[in-house]
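Throughout, protein chains are lettered first and strands after them, A, B, ... in sequence-line order, and every chain is numbered starting at 1. This is a predicted model, so every value here is computed, not measured.
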Number of protein chains: 2
Amino acid sequence: MRSYDQFCGVARALDLVGDRWTLLIVRELLITDGARYTDLQNGLPGIATNLLAERLRQLEENGIVTREAAPPPIATTLFRLTARGRELRPVIKALGMWGRPLLDDIPKGTAFRSHWLALPLESLLTDHAPERPPVTIAVHTGDQPITVSVDGEVRVRTGVPPGPDATITGTPDLVVGLFTGEVDLKTAASRGLKFHGDINALRRVQPAAS
Amino acid sequence: MRSYDQFCGVARALDLVGDRWTLLIVRELLITDGARYTDLQNGLPGIATNLLAERLRQLEENGIVTREAAPPPIATTLFRLTARGRELRPVIKALGMWGRPLLDDIPKGTAFRSHWLALPLESLLTDHAPERPPVTIAVHTGDQPITVSVDGEVRVRTGVPPGPDATITGTPDLVVGLFTGEVDLKTAASRGLKFHGDINALRRVQPAAS
DNA sequence: CGGCATCCTCTTTGATACTG
DNA sequence: CAGTATCAAAGAGGATGCCG
């Protein structure tokens with residue numbers, strides 16, 4: 001990208017990460033640090049392969065991403081964020097918070113990957129009862145199940161936990177609305193969301209009112 | 001801009017503000033809310049006029065900017081951020097903080113406008129002695145003088161105050177380094193920066209160590 | 001398969017000139 | 001002052017090919 005040539009931190013930041021797709025690549029790497037090229041392609045539906053390759057090259061040049069040849073067992077390259085790259089988390093978080101209301105009406109044909117829920121859920125949710133034993137919530141939505149685990153902090157990972165305290169199944173907008181408390185369980189259920197298990201697991205992490 | 005079509009707050013935010021120049025326009029409006037078209041052109045050196053016009057149209061459509069015909073005395077249009085637009089401040093702030101280290105080596109030919117210092121200084125500085133009487137620091141750098149006023153909070157405005165407690169004159173990189181404390185006064189002076197007045201006015205707002 | 005490079009088309013940006 | 005009009009150059013999107 002052409003530089004803005006301005007003595008301003010915002011402009012200089014955008015010189016490095018202001019290109020189309022660049023911040024979404026950073027998003028992907030914040031979620032799954034150590035991603036393969038094809039993982040990135042899958043997490044970035046719509047990106048042209050030459051663009052992904054070029055952006056990764058630029059990010060590497062600028063010290064935001066490293067590429068490492070994975071050790072012998074795996075015959076692949078892993079892309080990771082550098083420490084400097086991980087410092088972009090507040091930027092991604094701020095953008096995600098600002099964009100949150102925009103998820104309320106979504107045109108159809110919009111792509112979804114369940115791991116995209118990781119960053120917003122970790123930003124929005126907190127454990128209000130850190131002294132209590134850990135709980136896990138299984139979430140079935142999108143391409144693969146994810147697990148919200150609560151033990152003092154809230155972590156989101158892919159996969160299903162062994163014995164989840166609660167299980168949520170439904171469309172991503174209802175899942176987000178339910179977690180944030182913007183949609184109550186009854187309303188969500190009437191729109192097709194299924195909830196099983198301990199409702200207190202959910203209440204424990206919701207932001208403000210229930 | 002073409003939408004990313006992803007159910008993700010970051011992607012949806014970038015659908016609205018990810019275009020080239022867009023976030024810099026928001027930066028300008030965060031600094032001088034109520035700007036004329038030509039003010040924006042001046043604050044965005046390098047932007048093509050058709051792009052500025054188009055971006056303003058898009059921002060207006062998306063509820064981020066309003067355009068108001070100023071009342072009779074002035075025969076001009078003023079552009080302002082909406083409430084929703086002002087909510088982008090954390091995004092701009094996060095980008096600016098991340099970009100701060102990039103200001104340490106700046107290619108020559110880089111444009112500078114002194115009002116660009118407003119956001120970073122207000123983000124980085126705090127009043128450590130809010131109980132003491134207000135002080136003002138005049139800063140002469142770039143195209144016009146600015147004033148850092150300290151009275152419980154730190155505010156930056158354009159223009160010179162009547163009787164400043166301190167006056168700083170020098171290149172923008174030295175001014176920033178001095179305020180953040182990354183460069184001490186001796187070093188800054190040896191590189192051409194001039195400081196007059198009460199050194200305590202400066203110490204009162206510097207982030208951590210002196 | 002994973003990780004690209006090439007080629008072609010289409011869109012966006014940049015620079016400049018001109019206007020109510 | 002606040003834009004519109006025009007045109008060349010750069011960038012993005014999409015398909016396909018290549019190589020270990």
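When only modelled atom types and interatomic distance are considered, A/D5 and B/T110 share no side-chain donor-acceptor pair under 3.5 Å. Checking A/T76 against A/Y37 by side-chain atom types alone, no donor-acceptor pair falls below 3.5 Å.
Note on the helix from C/dC1-D/dG20 to C/dG20-D/dC1: angle between the axes of the first and last five pairs equals 30°, rounded to 10 degrees.
In terms of phosphate contacts, A/R55 brings a side-chain nitrogen or oxygen within less than 4.0 Å of OP1 or OP2 of D/dA12. Look at B/R57 and you'll find a side-chain N or O under 4.0 angstrom from OP1 or OP2 of D/dT4. Applying the 4.0 Å criterion to OP1 and OP2 of C/dG14, one finds that B/R20 has a side-chain N or O inside that range.
Residue-to-nucleotide contacts include no donor-acceptor pair under 3.5 Å from the side chain of A/D19 to the base of D/dG11.
Among the heavy atoms of the strands lying under 4.0 Å from B/A48 is at least one base atom, whether or not backbone atoms are also near. Backbone-only engagement by B/T77 is indicated by non-hydrogen atom pairs under 4.0 Å involving sugar-phosphate atoms exclusively. Backbone-only engagement by A/T38 is indicated by non-hydrogen atom pairs under 4.0 Å involving sugar-phosphate atoms exclusively.
You'll find the side chain of A/K194 stays beyond 4.5 Å of the side chain of A/I168, heavy atoms only.
Mapping B/G46 and A/T49 onto DNA chain C by nearest heavy atom places A/T49 closer to the 5' end of the strand. Residues A/W21 and B/L56 each lie close to DNA chain D; by heavy-atom proximity, the contact nearer the 5' end of the strand is made by B/L56. Position along DNA chain C of the nearest nucleotide to A/D39 versus A/R2 favours A/D39 as the more 5'-ward residue.
The side chain of A/Y37 lies closest to C/dG3, out of D/dG3, C/dG3, D/dG13. The side chain of A/T76 has C/dG2 as its nearest neighbour among C/dT13, C/dG2, D/dT4.
The distance from atom CZ of A/F79 to atom P of C/dG2 is 13 Å, rounded to the nearest whole Å. The nearest whole Å value for the distance from the CD1 atom in A/I47 to the C1' atom in D/dA12 is 10 Å. Rounded to an integer number of Å, the gap from CG of A/L52 to P of C/dG3 is 10 Å. Atoms CD (A/Q41) and C1' (D/dT16) sit 14 Å apart, rounded to a whole Å. For B/L78 and D/dG3, the CG to P distance is 11 Å, given to the nearest whole Å. We find that CD of A/E54 is positioned 12 Å from C1' of C/dC4, with the value rounded to whole Å. Atoms CG (A/L51) and C1' (D/dA15) sit 14 Å apart, rounded to a whole Å. Across the protein-nucleic acid pair, A/N50 atom CG and D/dA12 atom P stand 10 Å apart, rounded to whole Å.
B/Q58 pairs in a side chain to side chain donor-acceptor pair (under 3.5 Å) with only one of the listed residues (B/E61, B/E60, B/R55), which is B/R55. Paired with B/H115 under the rule side chain to side chain donor-acceptor pair (under 3.5 Å), one option of B/E28, B/R27, B/R157 passes, and it is B/E28.
For the pair A/R84 and B/W98, the cation-pi criterion (under 6.0 Å, within 45° of the ring axis) is fulfilled. Cation-pi geometry between B/R20 and A/Y4 is met: the NZ or CZ atom falls under 6.0 Å from the ring centre, inside 45° of the normal.
The CG atom of A/D143 lies 4.0 Å from the OG atom of A/S114; values are rounded to the nearest 0.5 Å.
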